Amino acid sequence: MNPALQGLVTIFIGVGGCMAYFYVSNLILDKVIYPAKGPNISQNINRANLVRPWLFLLPVIILLTLYLVYPVVGSFVRSLYNRSGDEFIGLGNYSSLIGSSDFRVAFFNNALWALVVPALSTFLGLVIAQLTDRLSWGNIAKSIIFMPMAISFVGASLIWKFVYAPDPDIGLINAILTSFGMEAVDVLQIPFWNNLFLMVLLIWVQTGFAMVILSAALRGVPEETIEAAIIDGANPFQVFFKIQVPQIVATIIVVWTTITIGTLKIFDIVYAMTGGNFGTQILPSYMMQFMFRDDGRATAVAVLIMIIVSPVVISNVRQARKELR
Amino acid sequence: MENIAGQKSALAWATRITVLALVLIWLVPTIGLFVSSFRDRDQISETGWWRSFLPVEQGLRARASVDGIEVDGNTFILTGSIYDDKEVLSTVGDARPPVVAFGNAGRNPGQFIAGETADLGDSETLLVNEDGSYRYVVNEDPGKRGPRIYFYASTPPVFSFANYRAVLSADNMDQAFINTLTVTIPTTIIPILMAAFAAYALAWMDFKGRGLMIAAIVALLVVPLQLALVPALQMHNAVGIGQSFVGIWLAHTAFGLPLAVYLLRNYMVGLPRDIIESAKVDGATDFQVFLKIVLPLSFPALASFAIFQFLWTWNDLLVAKVFLPSSEEAKVMTVKIADDLLGSRGGDWGILATAAFVSIGVPFLVFFTLQRYLVRGLLAGSVK
């Protein structure tokens with residue numbers, strides 16, 4: 001069958017099936033298993049209400065278990081086996097990874113990404129949020145800064161190829177360099193600095209996200225605190241750094257961690273821009289080198305990414321539990 | 001505050017200039033891609049897109065014709081027009097752009113200025129006029145093949161949809177576009193309903209284990225997708241789905257669920273308690289309350305999740321690479337661009353720019369029309 005047609009059928013089955021499941025399962029619960037009549041009516045209603053939440057949750061629980069909970073365990077187990085998956089080798093994959101220089105480069109670069117991208121995106125987002133706040137055309141400026149959020153990383157990579165290309169008739173940077181009489185360079189091949197040029201793409205995408213959230217947070221700062229500071233003679237910089245920023249620290253941390261998590265998962269940029277060459281490999285793109293070839297090592301890299309992310313997972317869960325109470 | 005008025009206007013100007021500079025930095029790369037996608041492919045490699053509205057000096061080469069050869073002692077004189085040459089005709093057609101420079105060697109094709117007779121040494125000379133007519137004097141009999149003439153013609157800027165036609169017809173991009181839609185639409189619609197029921201249960205039903213479920217959702221929100229790839233694909237292979245559209249629908253649906261449940265629950269918790277409780281007092285079941293009250297009221301949250309999920313699945317490369325077969329018929333646009341075009345069309349910037357713009361167009365449309373919901377969703381998801 002044509003995939004597009006199959007897609008339409010799937011929408012129908014998916015949505016119709018969901019509706020039917022919820023409707024029929026409720027009906028069976030209320031009419032057949034615990035009918036709201038007869039001698040045990042109140043007991044039955046209570047029991048039905050105990051079961052119903054799980055009926056509502058069941059499809060989500062099944063899918064999440066199969067695709068996210070089981071894989072955490074499954075990936076770890078798989079990472080203890082060799083390439084073809086038939087021989088248990090303990091931590092062999094991990095020790096051979098740690099022994100390889102490619103892995104160390106990827107790990108170091110990833111750490112660099114996780115430090116630089118969230119810091120610069122959050123900082124730029126905060127500054128832009130504050131600067132555009134009082135401008136009459138601030139909303140248009142915000143829309144433009146926010147726009148890269150809609151662009152795929154593959155698309156963003158192509159856009160930036162027109163900036164970085166070594167040919168001065170294609171790449172903007174080299175056009176500027178040669179117009180000043182300098183040699184054209186391939187910025188993606190300069191050791192170490194090429195990593196930073198790749199990070200620019202992600203910062204370009206993520207700053208809009210930081211800006212939108214921090215702009216809302218800045219608007220939530222009580223007006224009186226700012227007015228009081230101005231009357232006391234604070235200059236605009238003091239108002240911003242000593243009055244406004246301290247009041248939105250919690251939001252800044254949320255934005256920072258969200259971007260950090262995003263940064264640790266991005267593989268598209270490196271894949272499309274350099275293919276991991278010239279010392280720009282990061283863990284997610286390093287993992288894709290093993291995908292379909294050596295599942296043992298691929299899952300070992302994935303587990304390491306998970307371990308790096310886990311402090312954030314734990315703090316997020318703590319935060320959520322605090323809010324529930 | 002009168003005394004700091006002067007200071008303020010200086011600061012205001014600094015603000016305006018900074019914002020303008022930032023906006024330009026953000027916008028210029030995208031404009032470059034957009035302009036390039038409409039440019040003629042030969043012109044792209046001659047001048048940068050920032051000079052695309054100026055005439056382009058295009059490098060061409062012709063062969064002097066031996067048809068009208070005159071012999072004068074031991075010199076041979078070749079005359080004619082370079083615009084009658086077959087090779088030139090095939091690239092510029094009937095347009096006869098003015099010649100600006102010419103040369104007789106490929107390594108220095110623009111050595112001489114048009115209209116001036118060039119001394120090539122050994123009493124050989126070459127003259128190419130602006131209109132393309134030439135006079136080539138050589139010492140040796142050229143035989144049947146005349147010598148090469150290299151020249152630069154000043155061609156006017158050309159903008160067209162030729163790249164779009166090329167991308168959509170020759171490079172199977174139309175198929176990839178449909179594949180992307182085929183992946184995106186079901187995986188945007190299906191999780192919404194599932195997540196909405198779950199979110200309602202987590203927001204408005206009291207049961208043991210609710211806190212645990214919410215904590216689990218929050219934890220799954222940040223589990224790296226990379227962990228799921230190998231086990232989920234093995235599972236698909238084991239049950240016979242393999243790499244297929246069914247597989248990617250299931251995977252994308254599942255990967256979208258944590259965010260969907262989280263966003264929707266946060267929104268539903270904020271709905272007014274009175275409405276829901278009075279409906280229950282009037283005898284409505286949970287099922288009815290959900291369908292008739294909560295679901296319609298949650299429309300803004302549903303919309304913002306739908307936009308997120310749409311953008312994420314449309315722009316995704318990783319999941320598509322793993323869960324879809326690598327055959328030509330099943331490629332989505334991101335895979336097509338990253339794996340095929342960047343490799344095979346690496347130097348063809350016009351095609352690359354156009355392919356990128358085809359894939360960016362739809363998300364842009366969604367983004368600019370529904371930005372309000374997107375922002376609302378971001379705020380609901382992150383600011384507490």
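Note that this is a predicted model, so its numbers are computed, not measured. Below, chain A is the first sequence line, B the second, and so on; all start at residue 1. We use all heavy atoms of the structure for the numbers below, so side chains are in, but hydrogens, waters and symmetry mates are not.
Contact of A:I203 with chain B is made through the backbone alone, with heavy-atom distances under 4.5 Å. For chain A, no part of B:V335 is nearby; none of its heavy atoms comes within less than 4.5 Å. For a residue to count as touching a neighbouring chain, one of its non-hydrogen atoms must lie under 4.5 Å from one of that chain's; by this rule A:I261 touches chain B with the side chain only. Looking at B:K208, the atoms closer than 4.5 Å to chain A (heavy atoms on both sides) all sit in the backbone: N, CA, C or O. The parts of B:M194 that come within reach of chain A are both its backbone and its side chain, each placing non-hydrogen atoms under 4.5 angstrom from that chain. Using a 4.5 Å cut-off between heavy atoms, A:I308 does not touch chain B at all. The contact between A:L131 and chain B is made by backbone and side chain atoms together, counting heavy-atom distances below 4.5 Å. A:F22 touches chain B through backbone and side chain together, each having a heavy atom under 4.5 Å away. For a residue to count as touching a neighbouring chain, one of its non-hydrogen atoms must lie under 4.5 Å from one of that chain's; by this rule B:A195 touches chain A with the backbone only. Proximity to chain B (any heavy atom under 4.5 Å) is restricted, for A:V163, to the side chain, taken from C-beta onward. A:F12 does not touch chain B: none of its heavy atoms, backbone or side chain, sits under 4.5 Å away. B:S36 touches chain A through its side chain: at least one heavy atom from C-beta onward sits under 4.5 Å away, while N, CA, C and O do not. Heavy atoms of A:M19 lying under 4.5 Å from chain B belong to its backbone as well as its side chain. Contacts of A:V309 with chain B are made by side-chain atoms alone, with heavy-atom separations under 4.5 Å and no backbone atom involved. Only the side chain of B:W50 comes within contact range of chain A, judged by heavy atoms closer than 4.5 Å. Proximity to chain B is limited to the side chain of A:F237, based on heavy atoms less than 4.5 angstrom apart. Interface remark: B:V366 contributes no atoms to any contact with chain A (heavy atom separation under 4.5 Å). Of the two parts of A:I128, only the side chain, counted from C-beta on, holds a non-hydrogen atom closer than 4.5 Å to a non-hydrogen atom of chain B. For a residue to count as touching a neighbouring chain, one of its non-hydrogen atoms must lie under 4.5 Å from one of that chain's; by this rule A:D268 touches chain B with backbone and side chain alike. Contacts of A:K161 with chain B are made by both backbone and side-chain atoms, with heavy-atom separations under 4.5 Å. Residue B:I307: no heavy atom, backbone or side chain, is found under 4.5 Å from chain A.
In terms of heavy-atom pairs under 4.5 angstrom with chain B, the leader among A:M147, A:R78, A:R52 is A:M147. No other option in A:L264, A:T299, A:I170 has as many heavy-atom pairs under 4.5 Å with chain B as A:I170. Chain B forms more heavy-atom pairs under 4.5 Å with one residue of A:T257, A:T207, A:V312 than with any other, namely A:T207. The choice from A:F76, A:F153, A:Y23, A:W160 that makes the most heavy-atom pairs within less than 4.5 Å of chain B is A:Y23.
The CE atom of B:M205 sits 10.5 Å away from atom CG of A:L50, with the distance rounded to the nearest 0.5 Å. With rounding to the nearest 0.5 Å, the separation of CG in B:L229 from CZ in A:F292 is 8.5 Å. With values rounded to the nearest 0.5 angstrom, B:L227 atom CG is found 7.5 Å from A:M287 atom CE. Atom CD1 of B:I192 and atom SG of A:C18 lie 11.0 Å apart (nearest 0.5 Å). Residue B:L11 holds its CG atom at 9.0 Å from CG of A:N235, rounded to the nearest 0.5 Å. Taking CG of A:D133 as the reference point, atom OG1 of B:T15 lies at 11.0 Å (rounded to 0.5 Å).
Of all heavy-atom pairs between A:P53 and B:A201, the closest is O-CB, 4.0 Å. Scanning both residues, A:A298 and B:V230, for their nearest heavy atoms gives CB-CG2, 4.4 Å.
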Please report, to 0.1 Å, the donor-acceptor pairs under 3.5 Å made by any side chain of residues 59-69 of chain A, with sequence neighbours excluded.
| unit_1 | atom_1 | unit_2 | atom_2 | d |
| --- | --- | --- | --- | --- |
| A:T65 | OG1 | A:I61 | O | 2.5 |
| A:Y67 | OH | B:H236 | NE2 | 2.5 |

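Side chain of B:W26 to backbone of A:W204: a donor-acceptor contact under 3.5 angstrom is found. Panel note: side chain A:N26, backbone B:F287; no donor-acceptor pair is recorded below 3.5 Å.
The local environment of CD1 in A:I140 is sparse, with at most 12 non-hydrogen atoms from other residues, nucleotides or ligands closer than 6.0 Å.
Aromatic ring pairs are classed by plane angle as parallel below 30°, tilted from 30° to 60° and perpendicular above 60°; the pair A:F56 and B:Y200 is tilted.
Contact of the B:L225 side chain with the A:F267 side chain is not registered, since no non-hydrogen atoms from C-beta on lie closer than 4.5 Å.
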